[in-house]
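Naming: A, B, ... by sequence-line order, numbering from 1 per chain.
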2 protein chains.
Amino acid sequence: MSKQPKYQQIADVLRREIDNGTYGPGSRLPSEAELSARFDASRNTVRSGLNALVSQGLITSSQGLGYEVSKHEVFELNASRFENLTFPQNGDAFSTDVTNAGRHPHQTFRVELTTTPEYVATRLKIETGSRSVLRFCHRFVDNVPWSTQATHYPDWLLAEAPRLAEPGDIAEGTTRYLKSLGIEQIGYRDELATRMPTPDEARLLEIGAGVPVMLWTRTGYSHDRPIRCTITTLRGDLNRMNYEIGDLSGWDGNESE
Amino acid sequence: MSKQPKYQQIADVLRREIDNGTYGPGSRLPSEAELSARFDASRNTVRSGLNALVSQGLITSSQGLGYEVSKHEVFELNASRFENLTFPQNGDAFSTDVTNAGRHPHQTFRVELTTTPEYVATRLKIETGSRSVLRFCHRFVDNVPWSTQATHYPDWLLAEAPRLAEPGDIAEGTTRYLKSLGIEQIGYRDELATRMPTPDEARLLEIGAGVPVMLWTRTGYSHDRPIRCTITTLRGDLNRMNYEIGDLSGWDGNESE
DNA sequence: TAGTGGTCTAGACCACCTC
DNA sequence: AGGTGGTCTAGACCACTAC
């Protein structure tokens, strides 16, 4: 039992009070000055304690307002059904899912020609630095930034499917468009990772310290080669991904926690 | 272009120098005193800047030593193959995978009877607080803490499969043991989430600030009901999960980034 | 012993929000 | 105007690591 530093003790006490409901989700914590008096510590020490809780994603702070206990509303994303090879894929699946959940979807969209970054190139089995089409999507739910999605299509595919490079949405969905050209996605490989956001990501997704991002990379394959690579960056506090594998007939994917 | 606070500028400069290789993975940063002189800032301001990088998982610090740039060695986990309904499951799959990767696996194991927490109970479709068997595993790779895994089996299953409650490993694997009793897992549902570790998790996995955990919940189903719920807590900086869905025959799951 | 980061203080000034 | 958090300083002392 070694002595804990004072700022840790403060963080521990406050964490316990948040856990047991003394300060419920969405409620405000006492001000730094009040806590300073309560714990007989300098304001800076109190700040260190609060900072620990911020880094753990338990509370947020805003200038002039105070510290607020985070609420967690997670959105479920069924990755194995999401784009079920028979379904449309892009904007549509997102909008449909969100609308079905009684929420309001919104997204901005951008298409550009880029040089392929290494991470994507290895997955598409093309050369790093070669050309590819990037279709980029910034998604919101109820006007809260939710995720960004960047899909790369290799250069060679463009010759067969020129509409991929056109700005603006493809009404019927890109997967369906490609299928109509005889290019069918018959399987995909998903990779999931997590880390703290880069400053750019933190800006786009409006996340503060203490909230990680989830990185979801989906590489789609036709019968003979990779045809696309989609990197989705999700706010870790708002999203949960699901996969259903095997025979789950008769099982409702029931939620809640 | 609003003026950035000084500690942010310091963090940005150092981040750029880390990115461009001035300070490579594993190398040491200059001391706080040196940085303080370089940036003409007080030691505390420099510490704020360094602290920002720590929270982003870019560097770590240790008393008496200094700040070190993090290295990232990720371990790939194929979740859709991992326990392929035909394969053995528990300890074995982990040890096999790790050994195949040329690393040294190690794990501690514990079995206990517990009251079922709500999160697990809803998934197993049993009452919160009812009894269940918890088989808990703490896993290491090359003596670095890697993940913890907690599998709950419902009370009713115990009557049919008493060995689940016995301490010690089940040699042939629990899935195989259950199958030999006519209880076959015919499908599962995975849920993936990410967040910052709780203090307990941080202790068990030896992670500092700036490294999130990935939570992987797998609920296994027999033909008529859930038979187990496994919660795996993974160090976010060391693990990546993969799912392969659809027809990927002829495709090697190629890696590297 | 010297150098590193870890903790803590007291006080100053600024930026933002609410009234 | 008054209260909130955000930034910054200067200095003190402690704990750990290296030599």
key: Out of dC8(D), dT4(D), dG6(D), whichever nucleotide has its closest atom nearest the side chain of R47(A)   = dG6(D)
inquiry  = With a 4.0 Å cut-off on N to O distance, would you call E201(B) and R195(B) a salt bridge?
reply    = yes
query = Between K3(A) and dC14(D), does any side-chain N or O lie under 4.0 Å from OP1 or OP2?
reply = no
Within-4.5 Å side-chain heavy-atom neighbours: F140(A) and D142(A) = no
request  = Could you note down all residue pairs passing salt bridge (charged side-chain N to carboxylate O under 4.0 Å, His left out) where residues 52-62 of chain A supplies at least one of them, sequence neighbours left out?
outcome  = none
ask   = Should S31(B) be listed as having a side-chain N or O under 4.0 Å from OP1 or OP2 of dT4(C)?
value = yes
Any pair counted as side chain to side chain donor-acceptor pair (under 3.5 Å), so long as it reaches residues 61-71 of chain A, sequence neighbours left out = E32(A)-Y67(A)
query = What residues in residues 53-69 of chain B put a non-hydrogen atom under 4.0 Å from any atom of DNA chain C?
reply = S61(B), S62(B), Q63(B), G64(B), G66(B), Y67(B)
request  = Would you indicate which nucleotide in dC8(D), dG6(D), dG5(C) comes nearest to any side-chain atom of T45(B)?
outcome  = dC8(D)
inquiry  = For the residue pair R110(A) and F136(A), would you count it as a cation-pi contact if the rule is NZ or CZ under 6.0 angstrom from the ring centre and within 45 degrees of the ring axis?
reply    = yes
query = Given atom CD of E32(B) and atom P of dT7(C), what is their separation to the nearest angstrom?
reply = 11 Å
remark   = Judged by nearest nucleotide, the residue sitting upstream toward the 5' end of DNA chain C, R43(A) or Y7(A), is Y7(A)
message = Nearest whole Å is fine: how far is dG6(C) C1' from L50(B) CG?
response = 13 Å
message = Closer than 4.0 angstrom, basic N to acidic O: yes or no for R123(B) and E191(B)?
response = yes
